[in-house]
Every structure is written in C-alpha cells, then in structure tokens.
Participant: 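I am attaching a structure below and will ask some questions about it afterwards.
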Amino acid sequence: MTETTFENAVDEMVGRLHSILLTIQQGGGEETLCSLQQQLIDLMGLVERNPGIEAATGDLYAAAEALVADRATRSQPIARKLRLLAHAHQRFREHLSAAQPLKPGRRSIWLHGNLRFAA
C-alpha cells in the first residue's frame, strides 16, 4: 500500500470513527458500541502494531463503553464520561499520527482489555 493510499484509508476510517463517537455522545447504545469496535478492528488491520496506538485504542473503546453503560443505567455524572471520551479520542488521534502501514503479507494481532484485534 502506498503512503498516500494508506493515509487516505486511515483518514476515511477516522472520519467514520468520528461519526460513530458523535452518535455515542448523543446517546447511542450497544449497537453503536459494536460499530465502534468493528471500525477500530478494521483500522488496526491497516497499521503495524504500536504500543502507544494499542493503549490509545483500548482507552478510547473503554471510555465509549463506560459512557454507553452509564447511560443505560442512568448513572451520573455523564458530563465527566463525555469529557473522558473526548480526551481519549484526542489521544487516539495523536498516537494514530505515528501509525505505519502494515507490511504486505504480514498479519497483526492487537490485544487490549475487552478488544482482540486480529488482521
């Protein structure tokens, strides 16, 4: 994959992630969380394993999962969970800027918390 193609693919997926995260912030539930998980798996399938990206991905998913779970139980404070999700998303994007494309013919496995990424 050329550098430009890789960057375009990552940018497109990050755009989809942003949309999914907005839906979660506005009250999206388990279905949206599943969409987030699938989008993260697809994105991680494009990049070489990187501990910083791996940690940021897990943090992003955990923040989204906490927000969805707290909304389902009507737990408070939601404002704090929204702030944590925004910060996790920012850290994820910062770490993702260092992503390198997965080399042809290689497979990558990402492990973090509740997520298992295999590409």
Participant: Please tell me whether I78 and L84 are part of a single hydrophobic cluster in this structure, the criterion being side-chain heavy atoms less than 4.5 Å apart.
Facilitator: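 Different clusters.
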Participant: Can you tell me how far the CG atom of L17 sits from the CG atom of D42, to the nearest 0.5 Å?
Facilitator: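 One gets 9.5 Å once the value is rounded to the nearest 0.5 Å.
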Participant: Can you list every ring-ring contact (aromatic ring centres under 6.0 Å, His included) pair that touches residues 20-48, not counting sequence neighbours?
Facilitator: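 Sorted pair list comes back empty.
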Participant: With side chain to side chain contact (heavy atoms under 4.5 Å, CB included) as the test, would you mind laying out the steps for L43 and F92 before giving the verdict?
Facilitator: CA-CA 12 Å; L43 181 57; F92 173 78; 3.5 Å; yes
Participant: Applying salt bridge (Lys or Arg N to Asp or Glu O under 4.0 Å), name anything that partners E12, two or more places apart in sequence or on another chain.
Facilitator: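 Result, salt bridge (Lys or Arg N to Asp or Glu O under 4.0 Å) vs E12: R16.
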Participant: For H89, what residues pass the ring-ring contact (aromatic ring centres under 6.0 Å, His included) criterion, not counting sequence neighbours?
Facilitator: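 H89: ring-ring contact (aromatic ring centres under 6.0 Å, His included) contacts with H18.
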Participant: Could you state the interatomic distance from CD (E7) to OG (S97), rounded to the nearest 0.5 Å?
Facilitator: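 The distance works out to 11.0 Å.
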Participant: How would you list all residue pairs meeting salt bridge (charged side-chain N to carboxylate O under 4.0 Å, His left out) that involve residues 70-88, not counting sequence neighbours?
Facilitator: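 Applying salt bridge (charged side-chain N to carboxylate O under 4.0 Å, His left out) to every pair that reaches into residues 70-88, excluding sequence neighbours, yields D70-K81.
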Participant: With sequence neighbours left out, which residue pairs that include part of residues 86-101 fulfil the salt bridge (charged side-chain N to carboxylate O under 4.0 Å, His left out) condition?
Facilitator: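 Not a single pair qualifies under salt bridge (charged side-chain N to carboxylate O under 4.0 Å, His left out).
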Participant: Just so I know, are the side chains of I20 and L33 near enough to count as touching, which here means a heavy-atom distance under 4.5 Å?
Facilitator: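 Contact flag for I20/L33 side chains = no.
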Participant: For the pair E54 (side chain) and R49 (backbone), establish whether a donor and an acceptor sit closer than 3.5 Å, ignoring hydrogens and angles.
Facilitator: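 Looks like no, no N/O pair under 3.5 Å.
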Participant: Please confirm whether the backbone N or O of S19 pairs with a side-chain atom of T23, one donor and one acceptor, at under 3.5 Å?
Facilitator: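 Yes; judged by distance alone, with no hydrogens or angles, the pair exists.
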Participant: Give the intermediate values and the outcome of side chain to side chain contact (heavy atoms under 4.5 Å, CB included) for residues T57 and L96.
Facilitator: CA-CA 9 Å; T57 300; L96 194 59; over 6 Å; no
Participant: Please step through side chain to side chain contact (heavy atoms under 4.5 Å, CB included) for the pair L60 and L21, ending with a clear verdict.
Facilitator: CA-CA 10 Å; L60 178 61; L21 290 171; 4.0 Å; yes
Participant: Side chain to side chain contact (heavy atoms under 4.5 Å, CB included), that's the test. Do Y61 and L40 meet it? Break it down for me.
Facilitator: CA-CA 9 Å; Y61 184 80; L40 289 171; 4.1 Å; yes
Participant: For the residue pair Q100 and F6, what are the closest heavy atoms and their distance?
Facilitator: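 Here Q100 and F6 meet closest at C-CZ, 3.8 Å.
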Participant: Would a single hydrophobic cluster contain both L82 and L36, if residues Ile, Leu, Val, Met, Phe, Trp and Tyr are joined by side-chain heavy-atom contacts under 4.5 Å?
Facilitator: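 Same hydrophobic cluster.
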Participant: Apply ring-ring contact (aromatic ring centres under 6.0 Å, His included) to H87 and list each qualifying residue two or more places apart in sequence or on a separate chain.
Facilitator: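 H87 satisfies ring-ring contact (aromatic ring centres under 6.0 Å, His included) with no other residue.
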Participant: Taking all atoms of both residues into account, what is the closest heavy-atom pair of E48 and P101, and its distance?
Facilitator: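 That would be CG-O, 3.3 Å.
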Participant: According to a 4.5 Å side-chain heavy-atom criterion applied to Ile, Leu, Val, Met, Phe, Trp and Tyr, with indirect links allowed, do L46 and M44 form part of one hydrophobic cluster?
Facilitator: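 Shared cluster, yes.
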Participant: Do V68 and T32 make a side-chain contact, defined as non-hydrogen atoms from C-beta onward lying under 4.5 Å apart?
Facilitator: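 Of all side-chain heavy-atom pairs linking T32 with V68, none is under 4.5 Å.
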